[in-house]
Amino acid sequence: MSEVADQRLLECVRQLRPELESTLSGLEQSLGMHPPTGAVGEKLNLEKDAVGILLEAAGMERDVVESWQSPVASEVLETRSIPFLAGLPDLRQIEDQQIVHDYHRFPGMTGLDAIEVGWRIYRRSGGPTGHRLFVYNANRHNVETVTGVDMIYVNEFTGGVTTVQYKRMRKEADLWTYRYDATAERELERMAMVDKECEQLDDGLDPRLVTAPSMVKLCRNVPFVMSSTALIPGMYLTRPHFKALIDSPLARGTRGGRRLREGDVPRYLNNTTFATLLKDGWLGTRGASSDYVIDLILRALSPDGPGSVAVGLHGSSIAPGNRRSPW
């Protein structure tokens, strides 16, 4: 159908159903927008995935992420690193005292110089025992300074903290491939230092499958799609697992470099398994190690922090576990 025919059809619908004017206008706006591409699209796609996983871990639907609309003009979006959350409907309920409590749980989340900030509150039904998720998204103004996206999940009931660093795989000779470089080496060393400190502070009181906070997601570099709830295909790995794969002979290239191909990783956690383990409290720090990581999170939100970060604080009076009835 041609553009002229489209406009005529919409005009006919408006005349027949004038009460649909606002809906049709919103539809026109969304259809007329082109999803961001390049570095902007890549960053938004990773932030969208992080928000989707946080919602999954809190037992909530991901439908809200497909309602994203650019909060600024396209030319502004190309030069300023606007948080993904800034394009989602504003669902804040600041009059709710529990939400005010959640908001002040991380006092550094009120916005800092040179950082764009977005935040939202999502709640599940269920009265006083209902789940709520505080999602915070911050990144630097200039797209060029955004070097990576971190996802941080905090379960307020268990005190557990899990962090995920995204690593992008790109197509090489028709194979999804991740290239390991000096920057990744430094990042992995920092993660190892955090994990070691958490091991020393761990109280061992609450059962976990993984008590270290640091994990990696190797994910495909796919285009940013606005009207979709899909998560990015990828592989979640603990830091030691990722390190072992990178150090294996399989990762050595012919010129001495290191890379991982998607088919070189036989065992990993997919999106569903990872979200389920988070939801059921099997991943993350405990005791004093959680306090240590939260302190690091607050430091990361300073102007010298990472290029982009998505933080989810999951609060509930229901203990995590395999029994689904309370959810």
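With a 4.5 Å cut-off on side-chain heavy atoms, L245 and D264 do not count as touching. Counting heavy atoms from C-beta outward, K243 and M191 have side chains that stay 4.5 Å or more apart. A heavy-atom distance below 4.5 Å is found between the side chains of P320 and T158. Using a 4.5 Å cut-off on side-chain heavy atoms (C-beta onward), S70 and W68 make contact. Within the 4.5 Å cutoff, the side chain of S67 has heavy atoms near those of the L88 side chain. Considering only heavy atoms from C-beta on, F84 comes within 4.5 Å of V65 through its side chain. Between H241 and M235 there is no side-chain heavy-atom pair separated by less than 4.5 Å. L54 is not listed as a side-chain neighbour of Y122, based on a closest heavy-atom distance of 4.5 Å or more.
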E56/R62 under salt bridge (Lys or Arg N to Asp or Glu O under 4.0 Å): CA gap, chis, key distance, verdict: CA-CA 7 Å; E56 282 275 315; R62 300 195 308 270; 2.7 Å; yes
CA sep, side-chain torsions, deciding dist, call: K279, H131, side chain to side chain contact (heavy atoms under 4.5 Å, CB included): CA-CA 11 Å; K279 183 189 302 181; H131 296 260; over 6 Å; no
Working for side chain to side chain contact (heavy atoms under 4.5 Å, CB included), residues V311 and F134: CA-CA 8 Å; V311 183; F134 175 108; over 6 Å; no
Stepwise side chain to side chain contact (heavy atoms under 4.5 Å, CB included) test for T177 and M169: CA-CA 5 Å; T177 305; M169 297 184 291; 5.8 Å; no
Stepwise side chain to side chain contact (heavy atoms under 4.5 Å, CB included) check, K171 with R220: CA-CA 8 Å; K171 275 287 187 73; R220 297 179 181 181; over 6 Å; no
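Atom CG of residue D291 and atom SG of residue C198 lie 10.0 Å apart, to the nearest 0.5 angstrom. Rounding to the nearest 0.5 Å places OG1 of T37 at 12.0 Å from CG of N45. If you take CG on D63 and CG on L55, they are separated by 9.5 Å, rounding to the nearest 0.5 Å. The structure places CZ of R170 at 4.5 Å from CG of N221, a figure rounded to the nearest 0.5 Å. Interatomic distance, CG of L283 versus OG1 of T163, reported as 11.0 Å (0.5 Å rounding). In this structure, CG in N270 is found 10.0 Å from CG in L231, a value given to the nearest 0.5 Å.
In this structure, G284 and T162 approach most closely via the heavy-atom pair CA-OG1, 3.3 Å. The shortest non-hydrogen separation linking M151 to I53 is SD-CG2, 3.6 Å. The two atoms that bring P213 and V293 nearest to each other are CG-CG2, 4.1 Å, heavy atoms only. Between L278 and Y153 the shortest heavy-atom distance is CD2-CD2, 3.6 Å. Taking both residues in full, the closest heavy atoms of Y166 and C219 are given as CD2-SG, 3.8 Å, listed atom of the first, atom of the second, then distance. Between V164 and V216, the closest heavy-atom pair is CG1-C, 4.3 Å.
Salt-bridge annotation for E172 and R261: absent, with no side-chain N of the basic residue lying under 4.0 Å from a carboxylate O of the acidic one. By the 4.0 Å N-to-carboxylate-O rule, R286 lies too far from D206 to be salt-bridged with it.
Judged by distance alone, the side chain of K48 and the main-chain N or O of I232 form no donor-acceptor pair under 3.5 Å. Without hydrogens or angle criteria, T273 side chain to L269 main chain gives no donor-acceptor distance under 3.5 Å. Using a distance-only test at 3.5 Å, with no hydrogens or angles considered, no donor-acceptor pair links the side chain of N137 to the main chain of P83. Using modelled atom types, no side-chain atom of S214 and backbone atom of R239 make a donor-acceptor pair closer than 3.5 Å. At distances below 3.5 Å, not a single donor-acceptor pair connects side-chain atoms of S289 with backbone N or O atoms of D202. Checking side-chain atoms of D181 against main-chain N and O of T183 turns up a donor-acceptor pair under 3.5 Å.
Donor-acceptor pairing under 3.5 Å is recorded for the side chains of N271 and K217.
Neither F157 nor V154 shares a network with the other; the hydrophobic side chains, linked directly or stepwise wherever heavy atoms of I, L, V, M, F, W or Y lie under 4.5 Å apart, form separate groups for each. L209 is connected to F274 through a chain of hydrophobic side-chain contacts under 4.5 Å among Ile, Leu, Val, Met, Phe, Trp and Tyr, so both are in one cluster.
Residue-environment remark: OH (Y180) exceeds the threshold of 12 foreign heavy atoms within 6.0 Å. Counting non-hydrogen atoms of neighbouring residues, nucleotides and ligands closer than 6.0 angstrom, the CD atom of E61 reaches no more than 12 such neighbours.
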